[in-house]
Amino acid sequence: LLLGGGATMLQFARALREITRRITVITPTYPIALELSSNPLIEIVLLPGSFEPQERMVCGPETIRAVERYRAPVVLIGASGVNRDGISEAMLGVGEVYSAMLASAGRSYVLADHSKFEKRALVLLTGWHSELSLITDREPGPELAAALRRNGAGLLLPEERSALKA
């Protein structure tokens with residue numbers, strides 16, 4: 001599992017640390033690694049790179065080279081914006097790392113609440129496609145929902161309320 005950073009991903013890591021089977025988590029984010037470290041069943045691979053203090057993660061060419069060495073079956077990241085064009089990130093260095101993570105994954109998930117809907121940030125990470133799913137707290141508006149359907153992207157909501165392919 002390749003796991004990104006940010007406040008939403010930290011909440012996910014808090015839930016993930018309760019897992020009762022062995023998994024390997026690769027992350028560029030120090031707080032995520034620290035959060036997961038309390039579970040001895042989780043092997044943590046912390047990526048190298050230049051530390052970005054605002055996001056508390058590593059970025060840069062060394063991080064991207066390290067990501068490219070791995071082929072994780074699943075990548076889970078947050079996003080600054082989610083709109084009809086795809087998912088985007090406000091910080092350039094973080095966006096480059098997330099783009100590399102998405103390129104190395106078998107299946108990708110973006111975890112973003114409704115406050116990110118219809119927003120576009122600096123770096124467009126990827127457009128919607130069949131190997132990408134949005135995990136969110138409420139149904140998106142018509143424009144975003146249509147883009148997800150048109151491109152075969154999944155939508156996962158609490159209690160499986162989604163009418164779209166997951």
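Numbering of residues begins at 1 and proceeds along the displayed sequence.
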> Quick one: are Ile77 and Met101 in side-chain contact, heavy atoms under 4.5 Å?
Replying inline: yes
>> Between Ile44 and Ile32, does the side chain to side chain contact (heavy atoms under 4.5 Å, CB included) criterion hold? Intermediate values first, please.
In response: CA-CA 9 Å; Ile44 302 159; Ile32 299 293; over 6 Å; no
> If you measure from SG on Cys59 to CD on Glu96, what distance do you get to the nearest 0.5 Å?
Replying inline: 8.0 Å
> So, for Phe117 and Glu139, which heavy atoms are closest and what is the spacing to 0.1 Å?
Replying inline: CE1-O, 3.8 Å
> How about Leu36 and Leu3: do any of their side-chain heavy atoms sit closer than 4.5 Å?
Replying inline: yes
>> Using modelled atom types and a 3.5 Å cut-off, is there a donor and acceptor pairing between side-chain atoms of Lys119 and backbone atoms of Ser80?
In response: no
>> I want to check something: taking the side chain as every heavy atom from C-beta on, are Ile87 and Leu102 in contact at a cut-off of under 4.5 Å?
In response: yes
> Which heavy atom in Val97 sits nearest to a heavy atom in Gly60, and how many Å separate them?
Replying inline: CG2-N, 4.3 Å
>> Would you say that Leu155 contacts Pro140 through its side chain, given a criterion of any heavy-atom pair below 4.5 Å between the two side chains?
In response: yes
> Hey, does the side chain of Ser88 reach the backbone of Ala121 with a donor-acceptor pair shorter than 3.5 angstrom?
Replying inline: yes
> Same cluster for Val25 and Tyr109 if Ile/Leu/Val/Met/Phe/Trp/Tyr side chains link at under 4.5 Å?
Replying inline: yes
> Is Leu125 reachable from Tyr70 through a run of I, L, V, M, F, W or Y residues, each pair having side-chain heavy atoms under 4.5 Å apart?
Replying inline: yes
> Can you tell me if CZ on Arg120 sees more than 12 non-hydrogen neighbours from other groups inside 6.0 Å?
Replying inline: yes
>> Among residues at least two apart in sequence or on other chains, which ones pass side chain to side chain contact (heavy atoms under 4.5 Å, CB included) with Glu62?
In response: Pro48, Arg65
> For the residue pair Gly127 and Leu132, what are the closest heavy atoms and their distance?
Replying inline: O-CD2, 3.7 Å
> Does the pair Leu156 and Leu134 meet the rule for a side chain to side chain contact (heavy atoms under 4.5 Å, CB included), with working shown?
Replying inline: CA-CA 6 Å; Leu156 301 169; Leu134 172 63; over 6 Å; no
>> Is there a side-chain contact between Thr27 and Leu2 in this structure, where contact means two heavy atoms from C-beta onward sitting under 4.5 Å apart?
In response: no
>> For a side chain to side chain contact (heavy atoms under 4.5 Å, CB included) check, start with the C-alpha distance between Ile23 and Leu16, then their side-chain angles and the critical distance, and finish with the verdict.
In response: CA-CA 10 Å; Ile23 63 167; Leu16 182 63; 3.9 Å; yes
> Rounded to the nearest 0.5 Å, how far apart are CD1 of Ile64 and CG of Leu47?
Replying inline: 11.0 Å
> Got Val75 and Arg107 here, is their nearest side-chain heavy-atom distance under 4.5 Å?
Replying inline: no
>> Hydrophobic cluster membership, with links at side-chain heavy-atom distances under 4.5 Å among I/L/V/M/F/W/Y: are Val58 and Val45 in one?
In response: yes
> For Thr63 and Ser50, which heavy atoms make the closest approach, and how far apart are they?
Replying inline: OG1-N, 4.5 Å
> Tell me the side chain to side chain donor-acceptor pair (under 3.5 Å) pairs involving residues 37-48, sequence neighbours left out?
Replying inline: Thr24-Glu43
>> Less than 4.5 Å apart, side chain to side chain, heavy atoms only: is that true for Met9 and Leu111?
In response: yes
>> Test side chain to side chain contact (heavy atoms under 4.5 Å, CB included) on Ile26 and Leu1; report intermediate values, then the result.
In response: CA-CA 6 Å; Ile26 304 163; Leu1 174 66; over 6 Å; no
Which donor-acceptor pairs under 3.5 Å do side chains of residues 141-148 form with protein atoms, sequence neighbours excluded?
from, atom 1, to, atom 2, distance (Å)
Glu143, OE2, Arg84, NE, 3.4
Glu143, OE2, Arg84, NH1, 3.3

>> So which atom in Val82 and which in Ala112 form the shortest heavy-atom distance, rounded to 0.1 Å?
In response: CG2-CB, 3.8 Å
> What are the two closest non-hydrogen atoms of Asn151 and Trp128, and how far apart are they?
Replying inline: CB-O, 3.3 Å
>> Within the 4.5 Å heavy-atom criterion, are Met91 and Tyr98 side-chain neighbours or not?
In response: no
